[in-house]
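One structure is given here, and the rest of the page talks about it.
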Amino acid sequence: MSLVSEPKQGGCALPEIARERGQRQVFCGLAGIVWLHRKIQDAFFLVVGSRTCAHLLQSAAGVMIFAEPRFATAILQERDLAGMADCNQELDRVVADVLERRPDIKTLFLVGSCPSEVIKLDLGKAAERLSEHYSGRVQVIDYSASGLETTFTQGEDTCLGALVPRLPALPSIERSLLVLGTLPDVVEDQFRRLFDALEIGPVHFLPPRQASELPPVGPGTSVLLAQPFLGETARALHKRGATLLTAPYPFGVEGTLAWLKAAAAAWGVAPERVDEVAAPAVARARRGLARYREQLAGKRIYFMPDSQLEIPLARFLQRELGVELVEVASPFIDRQLMEHELALLPEGVRLTEGQDVDTQLDRVRAARPDLTVCGLGLANPLEAEGLRTKWSIELVFSPVHGFDQAADLAELFARPLTRGALLQV
Amino acid sequence: MQLTLWSYEGPPHIGAMRVAASMQGVHLVLHAPQGDTYSDLLFTMIERRDSRPPVTYTTFQARELGADTAELVKDTIQSCYDRFSPEVLLIGESCTAELIQDQPGALAQGMGLPIPVLPLELPAYTRKESWGANETFYQLVRGLLHERRPAPGESRPPRPEGQRPRANLLGPISLGFRCRDDVTEITRLLDMIGVDVHVVAPLGASPADLLRLPEADFNICLYPETADQTCLWLERMFGQPTVKTVPLGIGATRDFIAEVGRVAGIDTSGIAMPDWSRMPWYSRSVDSTYLTGKRVFIFGDATHAVAAARVASEELGFTVVGLGTYAREFAREVRAAAKQYGVEPLITDDYLEVEARVAEAHPELVLGTQMERHIAKRLGVPCAVISAPVHVQDFPARYAPQMGYEGANVLFDTWVHPLMMGLEEHLITMFREDFEFNDASTPSHLGHGTSPGRVPETTVSAQPQETSPAEGDDASATTWAPEAEQELKKIPFFVRGKARRNTERYATERGIQTITVETLYDAKAHFGR
Ligand code: SF4
């Protein structure tokens, strides 16, 4: 299990990043289906995989079992592997089944998994064939969310990346702002109102609420990332002529302001105008944050690598709430997309890319931080050792972006501490 | 390929994890990609386990596939051994690793570790979780004991004079249904009979405990889903008889006591039911009269489903209208029981099929797993959970066994609680047009109503409750007059489906084309309730 320090790049003030390899303790990209299927309302996600994949989805979705989900797994059987059944015919049969049950579905995602990849089942071909077969009714799109290729939130990156070639072309004389990354509808609407007030537009969102209404892209498109884990999609959009606006991510007042200003700059709107338009929301957010600042300032936090949100969230906690960063680990750090965030981190912060869960837990135990952000498999064991934890998955599922969610985001970190202080048992 | 929305069981390596997580000193190394580490949360979140399960994953990635995954396996095993110092190491692989054929078991055995290293075969594309648990437990017991088995023909030494008979309790397991409390309850029951518990396994056992298994006089196969293979092997190799009755319910508890008595050579005829066994009296109490003939649909693992059917029909006076299991390995037992109750057995792990069959049967109570709880909620039928797969709610803080006499008390409470109380049911029937007291109401002691928000997101899966099979092809033969349809709506929802079917059957049999209010009441008189 190697630990390699990367040399500082000449003249650049970016903090050092240690790389770690070993056992990981993280979801694969399939977990992204849990929020993607709720966001894209006319889409169905069919995982082509094993019983393990089905079980993972079910366990990650956990509490969402109340409705018939818009996802399912086509579980590979011995017959498929032994060549006794033609996988493609089997897939066609299963797809027909799904579409018969769900006539309302307009887009079907065929999601590749580790087993489908290892047996080299060509889902791209299958998607083409099925798209043709259901042409006019359902578009069939493939992407991989296998654990061999993707870690947790990267599953959204591969999903959205697969949509990019299908986005209609934006006429070359037009321009538009494309906000990239799943946002809760309520947050999307808040941002839309802000952009309207700044006369920035037209604004589109990817993923859209309906996969049958894909946003256009072209040389006049400016892409603004709402989530930091969408590097491949961003680059694919760039290849379609779009310009990438880089900025900190819209967490907290500072991040959201800077994020809006990046769009404003592209539209020739003065930063002062952004301050003016955002003033009421900023004031609200600051008031909301003040309460939590009292509670969180000086607290020490440790981020286990999980969602790739670690760096922006650490920046928010450190700069706006006075939290001390013990270590910030992320499964993968995209230097380009993290540039602005890294620059805002305090000097000397311990940054880790990758995972070796046991040695990281050793460090957590040694440092005994006030709060550890980690996955569901680690939370209770750490709590039992007297350490307070915050589930990282909640940060992906909850509305946490923008001004009006800044205090909610702070509250998510404060709650375990409040509870810890409250309980006398 | 099998289309699956929700599954009752995970892959077989989850079963292996459950065995390892049940025990002390046993560690499992799993050759698996990173996403498969999700299964830790089953233990830490569902069971609220306070430590990480003893499982180390290789978490191989695409870039390692071309290179050397075998080295990764060996590195992982070594660092796991160094860090956790297990007494026994289990080696398994998940679905993906099975395909790349690294033979981690052979690699591990070649490493010369100074502890027993047991490779597991867990065919992920043909088998499932329970099978994996059963197989792992068996391999573990066999692996540790096969060299200690007596020579053929060698007889067991007699039990020392004055020593009470000793039994092993086999099958309780992590993430099992109420195993923790069942073990306590059965230990207490055995003590009443004069039998000591020697080893409980896998739950709470160490490898050293497994080595002591043969010292017991007999084995109790408490959960056949986990332990039947092991019991059979111990019986063959060590001549230990197996007690097979699972003491779920009053009748089965009595049978269990009798069987233990036979096997242990104890006269149990004088053992009285303890006075805290309240279920028989509660069931005879007049307020329980309303339970008579309640239509109950039962689905779960085979052991709990079959036992529930007996309790429901013999001890609570319900009518079993459906019985099934998701565990094909134990389908025979369920088929036999279904025959006894005159219902078609439902052997399937297809959640949608279960849902359709529950809807069809119009039960007044569903006894099932967490999956059936959701089905029942959607159909607006009360439900109690009787079997794994489990949910965090199935690990109550209080003592709540299912087995033995206290278990029977718990069954009475949990099954009867969701039902409408007798008089309340009559009031609903009498004042069915009261806007606050109608079909959508749940029993007043359960604080939630069946609001429209609970209806399924789509209608594809949940057939509307009242659709009857008669409305198929030959439905054209009979139609409902509007006032009859109105009258039908006044019948409480939980029997309305049945009333509709009976009336249609009555009409069809008599060649009645249009069902009137008269027909409805004629049919009611004909079929009685
Ligand atoms: S890691 Fe691979 S095999 Fe495991 S659940 Fe994810 S896609 Fe399926």
Side-chain angles (χ1 to χ4, degrees), chain A residues 1 22-31 48-56 58-60 62 65-69 72-78 80-81 85 87 90-91 93-94 97-98 101-104 114-115 117-119 146-149 151 358 375-381 383-384, chain B residues 1-7 9-14 32-45 48-53 56-63 65 75-76 79 83 94-96 99-100 123-126 128-129 352 370-371 374 377-378 454 456-458 460-462:
Chain A
M1 315 291 150
Q23 190 197 170
R24 303 172 75 105
Q25 174 67 45
V26 68
F27 287 131
C28 60
L30 289 182
V48 183
S50 63
R51 184 165 294 283
T52 316
C53 307
H55 203 231
L56 170 131
Q58 175 163 340
S59 310
I65 209 166
F66 55 81
E68 179 167 333
T73 310
I75 297 184
L76 291 159
Q77 312 271 307
E78 189 71 21
D80 303 302
L81 302 176
C87 276
E90 284 288 289
L91 187 58
R93 178 180 60 77
V94 169
D97 234 26
V98 168
R101 291 176 51 79
R102 302 298 304 255
D104 50 327
C114 305
E117 251 159 49
V118 172
I119 65 167
S146 96
L148 298 171
E149 305 277 0
T151 300
D358 286 312
L376 294 171
L378 298 174
N380 260 344
E383 291 281 347
Chain B
M1 279 179 208
Q2 188 195 359
L3 178 61
T4 306
L5 275 78
W6 301 114
S7 52
E9 293 184 78
H13 74 257
I14 300 288
Q34 59 182 352
D36 294 10
T37 61
Y38 77 88
S39 37
D40 281 14
L41 77 85
L42 304 174
F43 299 89
T44 62
M45 298 306 291
R48 302 185 181 89
R49 186 187 166 95
D50 64 1
S51 59
R52 299 177 64 211
T56 299
Y57 309 80
T58 58
T59 61
F60 60 88
Q61 291 177 285
R63 61 164 182 265
L65 278 184
D75 284 353
T76 308
S79 61
R83 178 175 281 269
S94 76
C95 52
T96 310
L99 296 173
I100 57 177
Y125 298 92
T126 47
K128 287 179 280 186
E129 181 176 339
L352 298 170
Q370 286 295 332
M371 312 275 261
H374 288 284
K377 200 156 137 191
R378 235 184 272 191
R454 301 236 176 139
E457 173 183 72
T458 65
V460 235
S461 63

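All values derive from a computational prediction rather than experimental measurement. Here is the naming used below: chain letters follow the sequence lines, and residue numbers restart at 1 for every chain.
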Counting heavy-atom pairs closer than 4.5 Å to chain B, which one of Ala54(A), Gly377(A), Ala384(A) comes out on top?
Gly377(A)
Can you say whether Arg48(B) sits under 4.5 Å from chain A via the side chain, the backbone, both, or neither, judging by heavy atoms?
both
How many angstroms lie between CE in Met45(B) and CG in Asp40(B), if you round to the nearest 0.5 Å?
12.0 Å
Given a strict heavy-atom distance threshold of 4.5 Å, which part of Glu9(B) is in contact with chain A: side chain, backbone, both, or neither?
backbone
Val118(A) versus chain B, the contacting section by heavy-atom distance below 4.5 Å
side chain
Do Arg102(A) side-chain atoms and Asp104(A) backbone N/O form a donor-acceptor pair below 3.5 Å?
no
What part of Cys53(A) is in contact with chain B, defined as an atom under 4.5 angstrom from a non-hydrogen atom: side chain, backbone, both or neither?
neither
Can you measure from CG (Asp80(A)) to CE (Met1(B)) and round to the nearest 0.5 angstrom?
5.0 Å
Heavy-atom distances under 4.5 Å only: say whether Leu81(A) touches chain B with side chain, backbone, both or neither.
side chain
Could you state the interatomic distance from OG1 (Thr44(B)) to CZ (Arg52(B)), rounded to the nearest 0.5 Å?
9.5 Å
Heavy-atom pairs under 4.5 Å with chain A are the metric here; pick the option from Leu5(B), Thr59(B), Leu42(B) that has the most.
Thr59(B)
Tell me which of these, Asp97(A), Leu76(A), Val26(A), has more heavy-atom pairs under 4.5 Å with chain B than the rest.
Val26(A)
Any sub-3.5 Å donor-acceptor pair from Tyr125(B)'s side-chain atoms to Cys95(B)'s backbone N or O?
yes
Select one option (side chain, backbone, both, neither) describing which atoms of Leu3(B) are under 4.5 Å from chain A's heavy atoms.
both
Looking only at Leu99(B), Ile100(B), Thr126(B), Thr4(B), the option with the highest number of non-hydrogen pairs under 4.5 Å against chain A is Thr4(B)
For the residue pair Arg83(B) and Thr56(B), establish whether any side-chain heavy-atom pair is separated by less than 4.5 Å.
no
For the interface with chain B, which of Cys28(A), Pro381(A), Ser50(A) has the highest count of heavy-atom pairs at distances below 4.5 Å?
Pro381(A)
What's the spacing between Tyr57(B) OH and Gln25(A) CD if we round to 0.5 Å?
6.0 Å
With a 4.5 angstrom heavy-atom cut-off, could you sort out which part of Pro33(B) is near chain A: side chain, backbone, both or neither?
side chain
Can Thr151(A) and Gln34(B) be counted as having a side-chain donor-acceptor contact under 3.5 angstrom?
yes
Heaviest contributor of heavy-atom pairs below 4.5 Å to chain B, chosen from Ile119(A), Val94(A), Val48(A), Thr52(A), is Thr52(A)
Is it the case that the side chains of Ser7(B) and Gln58(A) hold a donor-acceptor pair, with the cut-off being a distance below 3.5 Å and no angle test?
yes
Based on non-hydrogen pairs under 4.5 Å, which of Ser146(A), Ala379(A), Gly29(A), Cys87(A) is most in contact with chain B?
Cys87(A)
Examine whether an atom of Leu91(A) lies under 4.5 Å from a heavy atom of chain B, and if so say whether it belongs to the side chain, the backbone or both; otherwise answer neither.
both
Taking atom CD of Gln23(A) and atom CG of Asp75(B), what is their separation to the nearest 0.5 Å?
13.0 Å
How long is the span from the NZ atom in Lys128(B) to the CZ atom in Arg51(A), to the nearest 0.5 Å?
5.0 Å
What part of Phe60(B) gets within 4.5 angstrom of chain A, counting heavy atoms only: side chain, backbone, both, or neither?
both
Side chain, backbone, both or neither: which part of Thr58(B) has a non-hydrogen atom closer than 4.5 Å to chain A?
neither
